[in-house]
Each structure stands twice: as C-alpha cells, then as structure tokens.
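The next block holds one structure in the form of structure tokens; read it before the comments.
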Amino acid sequence: MNQPFHRNPDDMIGERPPPLATVGIPGWLRTNLFASWGHSLLTIAALYLLWISVPPFLQWAIFDAQTYGTDRFACSGEGACWAWIDQRIGQFLYGFYPSEETWRINIAVALLFPALAPWLLDNVPGRKYLRWFSVIYPVIVVYLLVGGFGLEKVTTDKLGGFSLNLVVGLAGIVLSLPVGVLLALGRQSRLPLIRWFSIIFIEVVRGVPLITLLFVSNIILPIFLPPDVALDSVVRVIVMVTAFASAYMAEVIRGGLQAIPKGQYEAAQAMGLGYWQSMRLIILPQALKISIPGIVNTFIGLFKDTTLVIVIGLFDILGIANAMVSNPDWLGLSSETYVFVSLFFFVVCFAMSRYSMRLERKLDTDIR
C-alpha cells in the first residue's frame, strides 16, 4: 500500500531573487528606455541629440561665459556675455518701480508663500489661521504695491518686469478658477437665462484672441465708462486675462462634470442634499480631481500669455528684454537675454506642472 508523501517544511525551496535585468538600474533602463526595438532607437537618437547640443550650450553659457563688464564691448565674444545682469537685473525684476521702494515687492513675494501654503501643502502648522491670512493677502499686496496710509503712492504703470508677470498671472489664476466653476455650472443650468448667458460668454471670449481683449480693455472700455470713473491699466488687464482664462477653465471643468456618473447625482438626491450641497460635497470634488491636468495646463498657458501686456504699453519681463537688446551698450545680446527670460518662465511653469503631478498621485483612488 502506498504511503502518503509528506514534505518537511524546512525542505521547501525558498523564493528565488528576480532576474538582475528586471530590478534596480538595469530594470529601470529596460522598462523605460529599451523596452522594444523602437524604444531603443528613440532612446539612442535622443541621447545623440543631447550629446551634440548640451555640451556646446554649457560651454557657451557657463565655461566660456563672462559675467563682468559695463557694456558688451567688455566681453570677449567667445562665450555668453552675462555682464548685463549686474547692470539690469533690477529692471528685469521690478520694471520701473522706484528702487528705494522695491522692498515692498520683496515683502509681497515673501508673504505669497505662507498665503499659498495652507492650500497647496498638507500638515502645515496653523493651517486654519493661514487660510484667513490667504483671504486678506490680496488686500495686503494692493496696499504694499500701490501705497497709501503711510506708504508712498506708486502708480501701477511703474510696475514691470517679472513682478508684473507675477501679479497679472497670479491674479488671473486665483480669480479664473472660481469664475470658471460658476460658468461651467451655469452652462448646465436648467434656467434659460443663466444657461444662455454662460454659453454666450464662453463662446464669445473663446472665439477672440487675448490680444484683442487687451486692446478692448485699453482703448474701447474707457469710452463706455463714466467720465469720473477711471480703471487702472493693470486692473483692466487683470479683468480681461481673468475673463479669457475663465472661459477656457469653464470648458475644462464642464468636461470633468460630464465624466461624473449619473449615479453620483442620484445618490446625492437620495441623501436629501440640495443642489449646492451636492455640488460642494460630492460632484465638484470629483470633477475637479478629473480636471486637474486641464486646469494646470490652462494656468500655465495663462502665465505665459501675460507677456502680451507689452502690446498695450506695459513692460513685463519680455518687454524689458526687448528694450535692453535695442540699447547700443548691449546690442547683439539677444541670445543671452531671451535664454535668461525663458529660464524664469520655465522655473514657474515646471513647478506648476510637477505640483499637479504630485496632486494627481495624492488624489488617485483607482484600484489597480
């Protein structure tokens, strides 16, 4: 009679390590860069392009560059001439703002971080109080930049350079999101007046270039205002930039709303929630989560579009750059100047892009 076979647990074969080609750096390279013949060819082509472009650029921009001198004639010409940075960095950052008052812009930028922290970061100490600070932050910024009540008044036409891009871009970003949400909800409203107003606003604004809206704000809008009412040029720009971004934002958020299953609306009604309660607690959080890539893409496009203010006589960082390269002392340094300007925009836009990716990973609740 056959005896049952019993194996001693100690004799069991343990887990074998994964193949070396699938873990660590070799595994990452194989998965991301050399997964197939096509991927391998693209990787080799990209590495070749980097090899022929990056070292010469670094040689020109860093190793052979010159960082001192009072004009372009002080540079040898072999590498980049960064001597103008020491002479013109104030204009690039502050425009024509009085040099003795630039500390006000510095304080406004420094206060921006605690104002954004409770909304962008978790586990921030004193988060409740910082949110109240975020609410009054715009008032503080206006007081610092414009003056009054003890501070010397500075007209906003003196504001320029990167600080102008930051003010217009940040104001447009903060205001366009809630306005875009309201327009998206209005477009889906059952009330004909609200629905048609939202549709007409979105379609008209989206069908017109931003540069046209800026001309309207600068030339046509003052005609329709009462004689005793005068809107500041920067305020008019912020209004038009916000309106332009809100129209695009509304369509992005409407796409998120349409992606919400109908059962979510029915569940909210079954719980006895009203319209605004269901939107605030159930529908909008899901719609905004779905729309994060489109929202951030709109923000990035809005920030880059702030350079268009030059067409109405405001000198942002790009306008200052154009003025500088036409100066006889720095004529011919357009490459260095525009590389410097592009670096500013890249840092801000890349930071927004990376934060959106982090936020997507944090809010990702899909089961895999």
Identify the heavy atoms of Ala250 and Leu183 that sit nearest to each other, and give their distance.
CB-CB, 3.6 Å
What is the ring orientation for Phe96 with Phe315, classed by angle as parallel under 30°, tilted 30 to 60°, or perpendicular over 60°?
perpendicular
If you count the non-hydrogen atoms of other residues, nucleotides and ligands that lie under 6.0 Å from CZ in Phe197, is the total more than 12?
no
Give the cluster check for Met357 versus Val252: same hydrophobic cluster or not, with ILVMFWY residues linked at side-chain heavy-atom distances below 4.5 Å.
no
Show the numbers, then the answer: is there a side-chain contact (heavy atoms from CB on, under 4.5 Å) between Phe344 and Leu93?
CA-CA 10 Å; Phe344 271 91; Leu93 294 178; 3.9 Å; yes
Less than 4.0 Å between a side-chain N and a carboxylate O, is that true for Arg187 and Glu203?
yes
Hey, can you tell me if Phe92 and Phe340 have their rings parallel, tilted or perpendicular (30° and 60° cut-offs)?
perpendicular
Would you check if the side chain of Ser134 reaches a backbone N or O of Leu130 as a donor-acceptor pair within less than 3.5 Å?
yes
Any donor-acceptor pair under 3.5 Å linking the side chain of Thr337 with the backbone of Ala321?
no
With rounding to the nearest 0.5 Å, note down the distance linking CZ in Arg254 to CD1 in Ile202.
7.0 Å
Hey, is the main chain of Leu144 close enough, under 3.5 Å, to the side chain of Arg104 for a donor-acceptor pair?
yes
Is there a path of hydrophobic side-chain contacts, each under 4.5 Å between heavy atoms, that joins Val181 and Tyr275?
yes
Which value, rounded to the nearest 0.5 Å, describes the distance between Thr156 atom OG1 and Arg236 atom CZ?
9.0 Å
Are Phe201 and Val179 packed together at the side-chain level, in the sense that at least one heavy-atom pair is separated by less than 4.5 angstrom?
no
Under 4.5 Å between side-chain heavy atoms, hopping through other hydrophobics if needed: is there a path connecting Leu302 to Val208?
yes
Should Tyr338 and Asn322 count as side-chain neighbours, where that means a heavy-atom distance under 4.5 Å?
yes
For the pair Asn165 (side chain) and Ile317 (backbone), establish whether a donor and an acceptor sit closer than 3.5 Å, ignoring hydrogens and angles.
yes
Pairwise distance CG(Leu359) to CZ(Arg361) - rounded to 0.5 angstrom
10.0 Å
Sidechain-backbone polar pair: Ser353 side chain, Cys349 backbone, donor-acceptor under 3.5 Å:
no
Rounded distance [0.5 Å steps], NZ in Lys289 versus CD1 in Ile260
9.0 Å
Check: Ala247 main-chain N/O paired with Glu251 side-chain donor or acceptor under 3.5 Å
no
So, do Phe299 and Phe303 have ring centers that fall under 6.0 Å from each other?
no
Identify whether Phe113 and Ile107 are in the same connected component of the hydrophobic contact network (ILVMFWY, side-chain heavy atoms under 4.5 Å).
yes
Testing the basics here: between Val205 and Ala243, what is the closest heavy-atom pair and its distance to 0.1 Å?
CG1-O, 3.6 Å
Worked verdict on Thr67 versus Asp86 for side-chain contact (heavy atoms from CB on, under 4.5 Å)
CA-CA 8 Å; Thr67 59; Asp86 180 59; over 6 Å; no
Measuring only between side-chain heavy atoms, which start at C-beta, is Phe73 closer than 4.5 Å to Asp329?
no
Is Thr242 close to Ile238 at the side-chain level, that is, under 4.5 Å between some pair of heavy atoms?
yes
side-chain contact (heavy atoms from CB on, under 4.5 Å) partner of Phe345, chosen from Val341, Val347, Leu343, Val348:
Val341
Would you indicate whether the side-chain heavy atoms of Val239 and Ser217 approach each other to under 4.5 Å?
no
If I take atom CG from residue Asp64 and atom SG from residue Cys75, how far apart are they, to the nearest 0.5 angstrom?
12.5 Å
Any Leu145 side-chain heavy atom under 4.5 Å of Val154 side chain
no
Trace of the side-chain contact (heavy atoms from CB on, under 4.5 Å) decision for Asn32 with Thr43
CA-CA 9 Å; Asn32 295 279; Thr43 298; over 6 Å; no
For Tyr248 together with Phe244, are the ring centres under 6.0 Å from each other?
yes
Within-4.5 Å side-chain heavy-atom neighbours: Val241 and Leu213
no
Between atom CG of Leu284 and atom CH2 of Trp276, what is the distance when rounded to the nearest 0.5 Å?
8.5 Å
In this structure, are over 12 heavy atoms from other groups packed under 6.0 Å from Leu50 atom CG?
yes
Hey, does the side chain of Asn218 reach the backbone of Leu214 with a donor-acceptor pair shorter than 3.5 angstrom?
no
Considering all heavy atoms of both residues, which atom of Ala268 and which atom of Ile282 are nearest to each other, and what is their separation?
CB-CD1, 3.7 Å
Just to verify, which of Ile312, Asp305, Val311 counts as forming a side-chain contact (heavy atoms from CB on, under 4.5 Å) with Ile211?
Val311
Considering non-hydrogen atoms only, spot the tightest contact between Leu111 and Phe133 and give its length.
O-CE2, 3.6 Å
Atom of Leu164, atom of Leu159 and distance for their closest heavy-atom approach
CD2-O, 4.0 Å
Is the side chain of Glu336 donor-acceptor paired with the backbone N or O of Cys81 at a distance under 3.5 Å, no angle test?
yes
More than 12 heavy atoms from other groups under 6.0 Å of OH on Tyr355
yes
Does the Tyr137 side chain pair with the main chain of Ala108, one donor and one acceptor, at a distance under 3.5 Å?
yes
Less than 4.5 Å apart, side chain to side chain, heavy atoms only: is that true for Met271 and Gln277?
no
Whether the side chain of Trp84 engages the backbone of Arg72 through a donor-acceptor N/O pair (distance < 3.5 Å, no angle test) should be reported.
no
For Thr298 against Ala245, the heavy-atom pair lying closest together:
CG2-O, 4.1 Å
Out of curiosity, does Leu33 fall in the hydrophobic cluster containing Leu49 (side-chain heavy atoms, cut-off under 4.5 Å, transitive links)?
no
